[in-house]
Amino acid sequence: MDVYQAVTSRRAVRAFTDRQVPREVLERVLSAAAWSPSGSNLQPWHAYVVTGEPLARLKKRAGERVATGDPWDEAQYEQYPPALKSPYRERRSAFGEQRYGALGIPRGDLEARQRAASANWDCFGAPAALFCYIDRDLGRPQWSDAGMYLQTVMLLLRAEGLHSCTQMAWAKYRETVAEIVSPPDELMLFCGMSIGFEDVTKSDARTGRAPLAETVTFVED
């Protein structure tokens, strides 16, 4: 698979089979992803890969919190501005309509939407998960570096025939994740990433993208 194929075939997959991902594949991907760019080569990402029994424990504990209505952990960063302006507000709304519409969930059925969202904390059935941490003392440019690292990981996973789904949702249960991976205090959880083989019997339509003219301006002679 060439780079263009990896980019255009990558999408957030929310249904995985239980087929195990070989450790050597994960090591190959993450070794190559270490070459991701970062300002002054700080390499600010800290990844924890969880599989097998530890992942089963994490899913169980998170599922118990969901079932009992346990409040989310205190947020350590803001996922979205309190009031999204146009065109971002409309894009987020369109995503929600497509996502839940594909599941047959009406816009006003908040309970059904919450049930669907709870699949996040089962990693959508994936047998492997990556949790990306960043030093809480670092700034916005380093967060950008972590994003480039995660994108590199996702593209390399596609080259291996795997799919993924990045999930800021895991930050809501960051304390439960910490019980499993035991990060040092100076690190904060940015997001999780479910990794595995797609369950093609439950695949969703890919979310569309804005026309080039909306996001790119060419300045020419």
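Predicted model only: the values in this text are computed from it and were never measured.
- In terms of heavy-atom proximity, Ala62 sits nearest to Trp121 at CB-CB, 3.8 Å.
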Pairs under 3.5 angstrom only: tabulate donor-acceptor contacts from the side chains of residues 40-53 to other protein residues two or more places apart or in another chain.
unit_1: Asn41; atom_1: OD1; unit_2: Gln43; atom_2: NE2; d: 3.3
unit_1: Gln43; atom_1: NE2; unit_2: Asn41; atom_2: O; d: 3.3
unit_1: Glu53; atom_1: OE1; unit_2: Arg57; atom_2: NE; d: 3.1
unit_1: Glu53; atom_1: OE2; unit_2: Arg57; atom_2: NE; d: 2.9

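- One hydrophobic cluster, built from ILVMFWY side chains closer than 4.5 Å, cannot hold both Val177 and Leu130; they sit in different ones.
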Candidate pair Arg65 and Lys172, rule side chain to side chain contact (heavy atoms under 4.5 Å, CB included), full reasoning: CA-CA 11 Å; Arg65 291 188 64 177; Lys172 302 180 187 301; over 6 Å; no

Worked verdict on Cys123 versus Leu55 for side chain to side chain contact (heavy atoms under 4.5 Å, CB included): CA-CA 9 Å; Cys123 295; Leu55 182 58; 4.2 Å; yes

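- With sequence neighbours excluded, no residue forms a salt bridge (Lys or Arg N to Asp or Glu O under 4.0 Å) with Glu90.
- Listed here is the closest heavy atom pair of Gln79 and Ala171: NE2-CB, 4.5 Å.
- Here Phe190 pairs with Tyr77, Trp143 under the ring-ring contact (aromatic ring centres under 6.0 Å, His included) rule; sequence neighbours left out.
- Here the side chain of Glu198 pairs no donor or acceptor atom with the backbone of Val13 at under 3.5 angstrom.
- Ser144 contributes atom OG, which lies 12.5 Å from atom CG of Leu138 (distance to the nearest 0.5 angstrom).
- In this structure, the side chain to side chain donor-acceptor pair (under 3.5 Å) partners of Thr152, at least two apart in sequence or on a different chain, are Ser36.
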Candidate pair Arg61 and Asp70, rule salt bridge (Lys or Arg N to Asp or Glu O under 4.0 Å), full reasoning: CA-CA 11 Å; Arg61 293 184 188 182; Asp70 190 25; over 6 Å; no

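- Judged by distance alone, the side chain of Arg10 and the main-chain N or O of Gln151 form no donor-acceptor pair under 3.5 Å.
- Taking Ala6 as the reference, Met1, Leu155, Arg158 meet the side-chain contact (heavy atoms from CB on, under 4.5 Å) condition, with sequence neighbours excluded.
- With sequence neighbours left out, Glu175 forms a salt bridge (Lys or Arg N to Asp or Glu O under 4.0 Å) with no residue at all.
- The hydrophobic cluster containing Val66 also contains Trp72, counting ILVMFWY residues as joined when their side-chain heavy atoms lie under 4.5 angstrom apart, directly or transitively.
- Here Leu150 contributes atom CG and Asp145 contributes atom CG; the two are 11.0 Å apart, rounded to the nearest 0.5 Å.
- Between Ser86 and Arg89, the closest side-chain pair of non-hydrogen atoms falls below 4.5 Å.
- Linking Ile, Leu, Val, Met, Phe, Trp and Tyr residues whenever their side-chain heavy atoms come within less than 4.5 Å leaves Leu58 and Met168 in two separate clusters.
- Note: His163 NE2 to Phe197 CZ = 10.5 Å, rounded to the nearest 0.5 Å.
- A 4.5 Å side-chain heavy-atom check between Leu189 and Tyr133 finds at least one atom pair inside the cut-off.
- Scored by the salt bridge (Lys or Arg N to Asp or Glu O under 4.0 Å) test, Arg23 finds Glu27 as partners (sequence neighbours excluded).
- The side-chain contact (heavy atoms from CB on, under 4.5 Å) test applied to Ala75 returns no partner, not counting sequence neighbours.
- Between Ile134 and Tyr149, the closest side-chain pair of non-hydrogen atoms is not below 4.5 Å.
- Between Arg14 atom CZ and Cys165 atom SG the span is 4.5 Å, to the nearest 0.5 Å.
- The shortest heavy-atom contact between Thr166 and Met154 is CG2-SD, 3.6 Å.
- Salt-bridge formation is detected for the pair Lys60/Glu64: a Lys NZ or Arg NE/NH1/NH2 atom is positioned less than 4.0 Å from an Asp or Glu carboxylate oxygen.
- Annotation: Arg19, atom CZ; neighbour count of heavy atoms from other residues, nucleotides and ligands within 6.0 Å does not exceed 12.
- For Gln20 (side chain) and Asp18 (main-chain N/O), a donor-acceptor pair under 3.5 Å exists by modelled atom type.
- Residues that satisfy the salt bridge (Lys or Arg N to Asp or Glu O under 4.0 Å) test with Arg174, not counting sequence neighbours, are absent from this structure.
- Rounding to the nearest 0.5 Å places CD of Glu179 at 5.0 Å from OG1 of Thr176.
- Considering only residues two or more places apart in sequence or on other chains, Glu186 meets the side-chain contact (heavy atoms from CB on, under 4.5 Å) condition with Asp135, Pro184.
- The only member of Leu157, Leu162, Ile195, Leu156 that meets side-chain contact (heavy atoms from CB on, under 4.5 Å) when paired with Val25 is Leu162.
- Annotation for Asn120 and Trp170: closest pair O-NE1, 3.6 Å, computed over non-hydrogen atoms.
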Criterion side chain to side chain contact (heavy atoms under 4.5 Å, CB included) on Met193 and Cys132, from CA distance to verdict: CA-CA 8 Å; Met193 180 191 295; Cys132 183; over 6 Å; no

Please output the side-chain donor-acceptor pairs of residues 209-221 that fall under 3.5 Å, not counting sequence neighbours, one pair per line with the distance.
unit_1: Arg209; atom_1: NH1; unit_2: Thr207; atom_2: O; d: 2.9
unit_1: Glu214; atom_1: OE1; unit_2: Arg91; atom_2: NH2; d: 3.2

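- Here the closest non-hydrogen pair linking Pro127 and Val21 is CG-CG2, 4.1 Å.
- Heavy-atom neighbours of Asp185 CG from other residues, nucleotides or ligands within 6.0 Å: at or below the threshold of 12.
- Remark: Ser194 engages Gln167 in a side chain to side chain donor-acceptor pair (under 3.5 Å) (not counting sequence neighbours).
- The shortest non-hydrogen separation linking Ala128 to Leu26 is CB-CD1, 4.5 Å.
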